[in-house]
> 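Mind looking over this structure? Questions follow.
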Amino acid sequence: MEGFQESEVTQARIEHIEGLREAGIEPYGRAFDRTHTAAEAIEFFKSTEDTSVEKFQTDPVKIAGRVMNKRMMGKAAFANVHDLSGNIQIYLRKNDLPEGAFEPCVKELALGDIIGVEGPLFRTKTGEITIHATEVTLLSKVINNLPPLKEVEQEDGSIHRFFEFTEVETRYRQRYLDLLMNRETRETFLRRSRALNIIRREMDALGYLEVETPMMHHIAGGAAARPFMTHHNTLDLDLYLRIAPELHLKRLLVGGMEAVYEINRNFRNEGVSVKHNPEFTMLEAYKAYGDRDTVMDLCEHLISTAVTEIFGEPKLSYQGTELLFERPWKRVTMTDAIEEVTGVKVDIRDSVEDLIKKGEELGLNLEGSDSPGRIINTLFEEKVEETLVQPTFVLDYPTVISPLAKQKPDNPDLVDRFELFIFGREIANGFTELNDPAEQHKRFNEQLQEKDKGDEEAHEMDLDYVNALRCAMPPAGGIGIGIDRLVMLLTDSPSIRDVILFPLLRPRE
RNA sequence: GGGCGGUUAGCUCAAUCGGUAGAGCAGCGGCCUUUUAAGCCGUUGGUUCUGAGUUCGAGUCUCAGACCGCCCA
C-alpha cells in the first residue's frame, strides 16, 4: 500500500485521533444539522439584540465550520470558525460544556479541524458577537499542519492579513488549501459561478435551449486548433477531444432547434499561458433566422448585464485599468482598425506583394504569405489587438481564415464576422453562419489544401456536416464567448489559472 | 521551443566577501475561565529542489536536470 511519510506533527495527530476513538469520541462525524451559517448567526444576533438587557443572549444556534484560530486560556478558549458565509467567534468554557468534553475536544482542537457548535449568541467584553458553546461536536479532525491564518477585519471592511499563503505553485496544485486560506480565491470562484448563473438566466429568458453535444469527436472541427487524441477500446476507434462544439450545434439548427447554446469545455492541444489552458470553458450559441448582428447584440447584452449586476454599474477595474461596458461598444472593421493604429491603409483587394511591402514598413516580415486575407489578419494581430483595451467589436474578417462563416454580399473575400476584444484579448467570436452546402464543401477543400501545405490548424473535411447542410440549415448567427477570459475580467485575475479551479500542471514527483 | 527570474523549517521570509543555516507564525510541553495577530515561560523541527563539479570549506561559485512564474515564438 502506498502511503504518506509521517512527520512528528502528523504522527502525533494520528495518535490523538486513535485516542479519541478509544475514549468513545468519534473524530469523523456524520450529518450535522446547522440552524445558521456564520453570517446568518451574526445577523440573527443583531436583529434580536436587546441592549436594555444586561448580558443579553439569544436562543441557541447550531453552526459548523473549520477552526482557523484558537486562543487557549486554561479552562476556557476562544476560537474562530469559518464557513463559506464568513467567520464567527466561539467561546468555549469548561464549566459550560458537557462533562468530559473540554479536555479531549477543546484543548486538543487543532487549526483546521471541522466542528459543529451549539449555544446562544452573546457579545463579549470587546463587543464581538460570539457563540457561547454548550456543545462541541467533532466533525472532521485534520492531520496535516495547515498554514496559519491570521487576519483582522478593519473598520473600513478591508482585511488586514498578517501571514499569507501565496506560493503560486501550491495554490494551483492544492487548490483546497488555497480556497481554505485565501478568501480572494473563494470570492473568485463564487463570482465565476454567479456570472454563469446570470448568463444562463439571460439565455433561458431569450428562449435559447441549453444542450449538450459530444466531447469526443471523430473529426475535430469547428475551430483552428490542434486536438487531443484518445481511443475507444471496444470499437477500436481513434477519437479527438473536441476543439469546439460548433458543427454539432449547427446540426441542431438543421434539426429544427431554433436557438441553442452550450456552456462546456473545449480542449486544445496548445501551449499554456496566462491566456491559455488546454481545457477551457466556452459558451457557444446559435440563433436561427439571425445573423452576425443578432449575436453581436447578444454578446453585448450578456457581458454588459453580467458586469452591471456584479459591479452595480457598467464598468469595472481590471489590473488597474478602468473598462467601460456602457452600450453600444465600439465597432470597427479590421482594415479600419489597422489604419487607425498604424496609419497604413490596407484592402483585401490589394496584391500580396503590396501587402508584404506595407507589412515591411511596419516592421513585419511577411515573406512566404500567399493570401491578402492572411496578411491582413497578421497585421491586425501584430499591431492592433493589444491596443484594443476598451470593449471593441472588430468586423469583417477575411474569408480565408473563416471557413465556416458566410461571405459578405458585396465582397466574397470578406465574411460577416466579428471578434470582441477587451484589454487586448479576444473574448468572443461570432458570425453569420455559412449555410450553403456547396460553398461549405468548397471551403473545406481549400482548408485541406492548407493542411497539405503544412498548416496543422487547418480545418478538417467534415462530409457529414456538409450533408447536414444539404438538408437545409436556416440562416443563422452564431457566437462563442470565452468564459474563462470573461471571468478573468470580472474577478480582476491576471492569469487564466486563477479562474480555473484545477489548472493543468505537470505532475510533481 | 527560446530568454529571464525563482525554489531555504508546515507557512511567510532572512543568511554580508564562499566560513557553525536563522526569525516570526504554526507545532510540542507548562501557566492562564471574556480572548482576538491573546499573553508569559520553555522547546522540537532542515536531503537549503536534484545530481555532478571547483574548493580546506558551497544555501552562496560552475555545469546538467526538475518544477514554477514572467516575457517571446
Side-chain angles (χ1 to χ4, degrees), chain A residues 4-16 54-57 67-82 87-97 101-103 106-113 119-134 141-154 159-174 177-178 180-182 226 269-277 319 364-365 378 381-382 385-386 424 456-457 493-498 503-509:
Chain A
F4 296 92
Q5 202 161 15
E6 302 300 348
S7 67
E8 271 177 60
V9 172
T10 57
Q11 191 55 46
R13 296 252 171 96
I14 289 166
E15 281 163 19
H16 172 244
E54 204 176 333
K55 294 194 173 169
F56 170 82
Q57 59 178 44
V67 177
M68 296 306 277
N69 193 317
K70 189 177 94 167
R71 297 171 290 282
M72 198 63 214
M73 293 178 300
K75 296 184 181 62
F78 284 92
N80 289 88
V81 175
H82 286 215
N87 154 48
I88 190 163
Q89 177 169 265
I90 60 173
Y91 178 50
L92 302 145
R93 193 164 169 259
K94 185 175 182 181
N95 292 0
D96 301 324
L97 287 165
F102 192 79
E103 299 296 328
V106 177
K107 271 201 152 168
E108 301 293 330
L109 213 51
L111 298 191
D113 281 347
L121 290 147
F122 73 109
R123 255 190 218 279
T124 62
K125 283 200 288 204
T126 55
E128 180 159 352
I129 298 166
T130 302
I131 297 179
H132 194 140
T134 56
K141 292 287 290 180
V142 281
I143 292 175
N144 289 0
N145 196 13
L146 299 187
L149 180 83
K150 305 236 170 175
E151 56 183 33
V152 166
E153 197 160 343
Q154 310 284 71
I159 300 295
H160 182 238
R161 200 165 280 123
F162 296 89
F163 299 96
E164 295 193 89
F165 175 66
T166 56
E167 204 217 340
V168 185
E169 190 175 346
T170 312
R171 286 184 46 224
Y172 294 153
R173 283 190 197 281
Q174 298 185 52
L177 286 182
D178 186 24
L180 206 56
M181 306 306 303
N182 294 317
R226 294 164 66 183
N269 206 337
E270 296 167 348
V272 172
S273 80
V274 185
K275 293 181 287 185
H276 299 90
N277 194 61
Q319 304 293 294
L364 292 175
N365 180 11
T378 302
E381 285 179 353
E382 293 295 324
E385 272 192 20
E386 63 179 10
E456 291 187 60
E457 295 188 346
S493 299
S495 167
I496 197 168
R497 289 180 162 183
D498 296 325
L504 186 74
L505 298 177
R506 268 181 224 269
R508 184 151 211 194
E509 175 45 54

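Chain naming here is simple, since letters A, B, ... match the order of the sequence lines and numbering starts at 1 in each.
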> Roughly how many Å is it from CZ in A:R226 to P in B:G1, rounded to a whole number?
11 Å
> Can you build the contact string for nucleotides 21-31 of chain B? Use B for base contact, S for sugar-phosphate-only contact, and - for no protein heavy atom under 4.0 Å.
---BBBS----
> Taking side-chain contact (heavy atoms from CB on, under 4.5 Å) as the test, write out the residues that go with A:N87, two or more places apart.
A:N80, A:H82
> What integer number of Å spans the C1' atoms of B:U20 and B:G59?
14 Å
> Using Watson-Crick or G-U wobble geometry with both distances under 3.5 Å, which nucleotide pairs with B:A64?
B:U50
> Work out how far the P atom of B:A73 is from that of B:G10, and round it to whole angstrom.
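Nearest-Å result for B:A73 against B:G10 at atom P: 40 Å.
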> Which residues pass the side chain to side chain donor-acceptor pair (under 3.5 Å) test with A:Q319, sequence neighbours left out?
A:D492
> Using atom C1' in both nucleotides, what's the gap between B:G46 and B:C4 to the nearest angstrom?
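Per the computed distance, 29 Å lies between those C1' atoms.
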> Here's a test of your reading of the structure: between A:T124 and A:T170, which maps to the more 5' nucleotide of RNA chain B?
A:T170
> Looking at B:G39, I'd like to know if its phosphate oxygens (OP1 or OP2) sit under 4.0 Å from a side-chain N or O belonging to A:R71.
no
> When you measure only distances, ignoring hydrogens and angles, does the side chain of A:Q89 come within 3.5 Å of the base of B:U35 through a donor and an acceptor?
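Pair found.
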> Please state how far atom CZ in A:F122 lies from atom P in B:U35, giving the value in whole angstrom units.
10 Å
> Give one of base, sugar-phosphate or nothing for A:D96, where a contact means two heavy atoms less than 4.0 Å apart.
nothing
> Within this structure, what is the CG-to-C1' distance between A:D178 and B:C11, rounded to whole angstrom?
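Spelled out: CG on A:D178 to C1' on B:C11 is 13 Å.
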> Any base atoms under 4.0 Å from A:F165, or only sugar-phosphate, or nothing? Heavy atoms, all strands.
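Counting heavy atoms under 4.0 Å across all strands, the contact made by A:F165 is with sugar-phosphate only.
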> For A:I496, check side-chain contact (heavy atoms from CB on, under 4.5 Å) against everything at least two apart and list the hits.
A:N277, A:D484, A:M488, A:V499, A:I500
> As a test of reading the structure: which of B:U33, B:U35, B:C70 is closest to the side chain of A:K75, going by heavy atoms?
B:U33
> A:F78 side chain: which of B:U33, B:U35, B:U12 is closest?
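The listed nucleotide nearest to A:F78's side chain is B:U35.
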> Counting heavy atoms from C-beta on, name the nucleotide in B:C67, B:U33, B:C71 closest to the side chain of A:E169.
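From the listed options, B:C67 comes nearest.
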> Go through the structure and list residues passing side-chain contact (heavy atoms from CB on, under 4.5 Å) with A:M72, not counting sequence neighbours.
A:K70, A:A77, A:F102, A:K107
> Please state how far atom CG in A:L177 lies from atom P in B:U12, giving the value in whole angstrom units.
11 Å
> Separation of A:M68 atom CE from B:C11 atom C1', in whole Å?
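A:M68 atom CE is separated from B:C11 atom C1' by 12 Å.
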> Taking side chain to side chain donor-acceptor pair (under 3.5 Å) as the definition, give me every residue that meets it alongside A:T170, ordered by chain and number, with sequence neighbours left out.
A:E167
> Within this structure, what is the CG-to-P distance between A:L505 and B:A66, rounded to whole angstrom?
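Distance, rounded to whole Å: 16 Å.
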> Using the 3.5 Å cut-off, write out each protein N or O paired with an N or O of nucleotides 40-46 of chain B and the distance between them.
none

> Kindly determine whether A:T10 and A:N145 satisfy side-chain contact (heavy atoms from CB on, under 4.5 Å), including the steps that lead there.
CA-CA 7 Å; A:T10 57; A:N145 196 13; 5.9 Å; no
> Sequence neighbours excluded, which residues qualify as ring pair (Phe, Tyr, Trp, His ring centres under 6.0 Å) partners of A:H132?
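Only A:Y91, A:F122 meet the ring pair (Phe, Tyr, Trp, His ring centres under 6.0 Å) criterion with A:H132.
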> In whole angstrom, what separates A:K275's NZ from B:C70's C1'?
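Value for this atom pair: 13 Å.
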> Okay, side chain of A:N182, backbone of A:F165: is any donor-acceptor separation there less than 3.5 Å?
yes
> Can you check the distance between B:G19 and B:A26, where both ends of the measurement are the C1' atom (answer in whole Å)?
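B:G19 and B:A26 have their C1' atoms separated by 32 Å.
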> Using the C1' atoms only, state how far B:C11 lies from B:G18, rounded to an integer number of Å.
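These two C1' atoms come out 30 Å apart once rounded.
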> What is the base-pairing partner of B:G24, counting Watson-Crick and G-U wobble geometry with both distances under 3.5 Å?
B:C11
> Scan every strand shown for a Watson-Crick or G-U wobble partner of B:C4, both distances under 3.5 Å, and answer none if you come up empty.
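For B:C4, the partner nucleotide comes out as B:G69, under the 3.5 Å rule.
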> Taking B:G53 as the reference, what is the distance to B:U12 when you measure between their C1' atoms (whole Å, please)?
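To the nearest whole Å, 33 Å.
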> How long is the gap from CZ on A:R93 to NZ on A:K75, to the nearest 0.5 Å?
11.5 Å
> For atom P, what is the distance between B:U43 and B:A23, given to the nearest Å?
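It comes out at 11 Å once rounded to the nearest Å.
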> Nearest 0.5 Å, please: how far is CD in A:E108 from CG in A:D113?
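Reported to 0.5 Å precision, the distance equals 10.0 Å.
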> Could you let me know what B:G59 is paired to, Watson-Crick or G-U wobble, both distances under 3.5 Å, or none if it's on its own?
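Paired with B:G59, as far as the under-3.5 Å criterion goes, is no nucleotide at all.
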> Mind checking who B:G39 pairs with, Watson-Crick or G-U wobble, both distances under 3.5 Å?
B:C31
> Indicate whether the side chain of A:E382 and that of A:T378 have a donor and an acceptor atom separated by less than 3.5 Å.
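Note: A:E382 and A:T378 side chains miss the donor-acceptor criterion.
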> Give the rounded distance in Å between these two atoms: CG of A:L364 and P of B:A73.
10 Å
> Once side chain to side chain donor-acceptor pair (under 3.5 Å) is applied, do any residues pair with A:E270, and if so which ones, sequence neighbours excluded?
none
> Among B:A37, B:C68, B:C71, which nucleotide has an atom closest to any side-chain atom of A:R173?
B:C68
> Measuring only the P atom in each nucleotide, how far is B:C56 from B:U16? A whole number of Å is fine.
22 Å
